[in-house]
Amino acid sequence: MIVGATLGGITLIALAIAIDLIVGDPRALPHPVVIMGRFISSFERLWNRGTAQQRRWSGALLALIVVGGVWGISWLLLLVLMQLHPGLALIAELWLLSTTLAIKGLGDAARAVVKPLSMGDLTAARKALGMIVGRDTHSLDEAEITRGTVETVAENTVDGITAPLFFALIGGAPLALAYKAVNTLDSMVGYQNQRYADFGFASAKLDDVANWLPARLTALCLWLAGLLMNVLGILRLRWKGALHDTCRDAPRHPSPNAGWPEAMVARLLGVQLGGTNFYQGVASHRATLGEPLEILGVAHINATIRLMHGAWVLFMLLSVGVIAGLLFII
């Protein structure tokens, strides 16, 4: 049983969401992304050599093997389990789907920064932020710690929630896992540096393509969540003009996709994201997103967590509506 764009499939995906929200990623169970990471790391050491052209071809082959292999193995596994007993396939797909989501993990990681930051413990807050970002955090002040956390939650709302849901709705656990393979490849080898610029070229481009539509749909859902929260009095957000401003600001981001959720969150909160980050002491300058109408602080992290939840809930509700409408027409 490989679920997809059916009402039964949506029910199973909803159950997977519930599992993630309650359990998260239990350390006692093997995580598919960890297995993918070990495979990628092993072959990167073996294949990332030779001329620039050879590295590009080797990197493209690795991406093809990893993404195609993850899809094929998961599809075959579910097929075999289906032959043994439909219940086994159902349980397996439910678990596999839950591993592609990081709703609880992302929220917990952000709150791990909020707790010490709200108590004025910058050292602990920097350490907590350092667990989820690649930038240097040892000398960041409260505003910069907040910026790093808000940017991470905004960007990973796509990578860790809505994009996996998007592909799960289309092709069930195999396609959602294939997306996570793309995402893992990009996070490991998709860097513009001397070591990975050629070897990770295919992985980075594949990630750009995979996230193109989910990133923009997520920005729209963030705006709708902001509008709804404003109407209900849950948060006071600057939703007017946010769509227009996001369309203008997002292309300034070095990533063709990450700028969309980040720009939207910046506009809704009335803060400025982007700027200068340091990686191992080396400065990296990025265009700013939004306007500094408010000074970044703990409240903005909490608001971003709420927007994250609102976005994925609306994403699922809209998906149900679209799929139900298509099934009715068919």
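Along the sequence shown, residues are numbered consecutively beginning with 1. No experiment lies behind these values; they were computed from the predicted model shown.
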Same cluster (ILVMFWY, side-chain, under 4.5 Å), [X] and [Y]:
X: Leu220; Y: Val320; result: yes
X: Phe315; Y: Trp212; result: yes
X: Ile35; Y: Ile40; result: no
X: Met229; Y: Leu318; result: yes
X: Leu217; Y: Trp260; result: no

What verdict does the side-chain contact (heavy atoms from CB on, under 4.5 Å) test give for Leu78 and Leu96, after you've listed the backbone C-alpha separation in whole Å, the side-chain angles of each residue and the deciding distance to 0.1 Å? CA-CA 10 Å; Leu78 293 175; Leu96 289 173; 4.3 Å; yes
Please confirm whether the backbone N or O of [Y] pairs with a side-chain atom of [X], one donor and one acceptor, at under 3.5 Å?
X: Arg236; Y: Gly233; value: no
X: Asn277; Y: Ser284; value: no
X: Ser187; Y: Thr184; value: yes
X: Asn48; Y: Arg195; value: yes
X: His244; Y: Gly241; value: no
X: Glu262; Y: Leu273; value: no

I would like to know whether Thr99 and Leu177 meet side-chain contact (heavy atoms from CB on, under 4.5 Å); could you show each step before the answer? CA-CA 8 Å; Thr99 66; Leu177 284 167; 4.1 Å; yes
Donor-acceptor pair between [X] and [Y] side chains, under 3.5 angstrom:
X: Asp186; Y: Tyr191; value: no
X: Asn257; Y: Arg216; value: yes
X: Thr157; Y: Thr218; value: no
X: Arg45; Y: Ser41; value: yes
X: His285; Y: Thr276; value: yes

Any heavy-atom pair between the side chains of [Y] and [X] that's under 4.5 Å?
X: Lys180; Y: Pro32; result: no
X: Leu77; Y: Leu81; result: yes
X: Leu185; Y: Asp207; result: no
X: Gln272; Y: Leu289; result: no
X: Asp20; Y: Val23; result: no
X: Gln53; Y: Trp57; result: yes
X: Glu291; Y: Arg267; result: yes
X: Pro174; Y: Glu93; result: yes

Which value, rounded to the nearest 0.5 Å, describes the distance between [X] atom [atom1] and [Y] atom [atom2]?
X: Ile301; Y: Arg306; atom1: CD1; atom2: CZ; value: 14.0 Å
X: Phe278; Y: His138; atom1: CZ; atom2: NE2; value: 9.0 Å
X: Leu317; Y: Trp312; atom1: CG; atom2: CH2; value: 9.0 Å
X: Ser98; Y: Ile17; atom1: OG; atom2: CD1; value: 11.0 Å
X: Ser74; Y: Leu79; atom1: OG; atom2: CG; value: 11.5 Å
X: Leu101; Y: Ile19; atom1: CG; atom2: CD1; value: 10.0 Å

Hey, what's the ring geometry for Trp71 with Trp75, parallel, tilted or perpendicular (30° and 60° as the breaks)? parallel
side-chain contact (heavy atoms from CB on, under 4.5 Å), that's the test. Do Leu235 and Asn230 meet it? Break it down for me. CA-CA 5 Å; Leu235 291 172; Asn230 210 74; 5.9 Å; no
For [X] and [Y], work out which heavy atoms get closest and say how close.
X: Val70; Y: Ala181; answer: CG2-CB, 4.0 Å
X: Ile103; Y: Met308; answer: O-CE, 4.0 Å
X: Gln54; Y: Gly50; answer: OE1-CA, 3.2 Å
X: Ile305; Y: Gly107; answer: CD1-O, 4.2 Å
X: Tyr196; Y: Val189; answer: CB-O, 3.1 Å
X: Leu129; Y: Val113; answer: N-CG2, 3.7 Å

Among Leu269, Thr146, Leu268, Thr149, whose side chain to side chain contact (heavy atoms under 4.5 Å, CB included) with Thr304 holds? Leu269
Leu15 atom CG: more than 12 heavy-atom contacts under 6.0 Å: yes
Do [Y] and [X] meet the salt-bridge criterion of a basic N to acidic O distance under 4.0 Å?
X: Glu144; Y: Arg126; value: no
X: Arg55; Y: Glu44; value: no
X: Arg56; Y: Asp198; value: yes

Where do Tyr179 and Asn211 land on the side-chain hydrogen bond (donor to acceptor under 3.5 Å, both in side chains) test, with the steps shown first? CA-CA 9 Å; Tyr179 167 76; Asn211 280 311; 2.7 Å; yes
For Trp223 and Thr246, what are the C-alpha separation, side-chain angles and deciding distance, and is it a side-chain contact (heavy atoms from CB on, under 4.5 Å)? CA-CA 10 Å; Trp223 180 77; Thr246 296; over 6 Å; no
Verdict with reasoning, Glu142 to Arg147, per salt bridge (charged side-chain N to carboxylate O under 4.0 Å, His left out): CA-CA 9 Å; Glu142 179 179 350; Arg147 178 170 73 86; over 6 Å; no
